[in-house]
Peer 1: 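Shown below is the structure under consideration.
For ligands, and for the atoms within them, numbers begin at 1 and follow the listed sequence.
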Amino acid sequence: MIFNQLFDDKSSTYTYVIASGEGREALIIDPVIEHTEEYIKLLENLKLKLVKVIDTHIHADHITGLNELSKRTDCSKIMGEHSKSEVIDLKIKDNEKIEIEKIELTAIYTPGHTDCSYSYLMNDRVFTGDTLLINGTGRTDFQNGNSYDAYESIFNRLLKLPENTFVYPAHDYNGKKHSTIRDEKNNNPRLQVNSKEEYAEIMNNLKLANPKMMDVAVPANIKGLTLKEL
Ligand code: FE2
């Protein structure tokens with residue numbers, strides 16, 4: 001299998017390029033617009049045909065590469081059914097499958113960080129977006145985020161996956177690339193709580209500043225525009 005985890009320094013975003021083998025169909029999860037050329041080169045080098053591109057949710061800290069990639073490769077743009085994006089080709093539902101040649105992903109609706117957040121399970125690994133991070137969890141104080149929904153998504157969906165499932169998040173700010181459900185269950189400081197209320201109490205008192213790009217990134221990502229076009 002081809003599995004490339006790429007990193008955007010500016011927003012600390014992880015992007016995943018996935019295919020079953022050279023010369024086959026590929027899909028990309030959470031691309032960042034500034035790296036479009038890099039993705040295209042990688043696809044060319046591996047003789048891959050990009051057919052699907054997914055955003056786990058509407059990002060507030062970077063402009064998505066979905067639209068540029070779609071213009072360049074004609075791949076279809078996918079998000080969950082709750083996404084407010086106006087340029088998505090296919091909005092998928094909880095438990096629906098996304099398939100490319102010899103690869104299958106299962107969509108898991110995991111609201112809380114935003115109301116449109118989805119995670120994607122692929123065999124031994126799960127792409128958690130910003131719902132579950134390594135030693136952290138996505139903030140719940142904007143974009144219709146909700147700490148109670150986040151608790152449900154994390155504790156009753158993601159942490160119910162087999163414990164040795166690898167966790168691949170959309171961001172990491174400390175150089176960590178992946179983790180497992182077991183490690184997060186045991187060591188993630190945000191998850192050492194006894195109730196929904198206790199989790200909400202932590203999340204509702206983080207007092208974080210808004211992401212620098214939020215005011216432009218959210219509308220641009222909803223409309224499928226670049227910063228210049230906004
Ligand atoms: Fe996010």
Peer 1: Is any side-chain N of the basic residue among R157 and D94 closer than 4.0 Å to the acidic one's carboxylate O?
Peer 2: yes

Peer 1: Just checking D74: does its CG atom have more than 12 heavy atoms from other residues, nucleotides or ligands closer to it than 6.0 angstrom?
Peer 2: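 12 or below, so no.
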
Peer 1: Could you grab the protein N, O or S atoms closer than 2.8 Å to the Fe ion (ligand 1) for me?
Peer 2: H57 NE2, H113 NE2, D130 OD2

Peer 1: Closer than 4.0 angstrom, basic N to acidic O: yes or no for K77 and D55?
Peer 2: no

Peer 1: Decide, yes or no, whether a salt bridge links E68 with K71 under the criterion of side-chain N to carboxylate O below 4.0 Å.
Peer 2: yes

Peer 1: With a 4.0 Å cut-off on N to O distance, would you call E37 and R72 a salt bridge?
Peer 2: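 So E37 pairs with R72 through a salt bridge.
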
Peer 1: Could you tell me how the ring of H82 sits relative to the ring of Y109: parallel (under 30°), tilted (30 to 60°) or perpendicular (over 60°)?
Peer 2: parallel

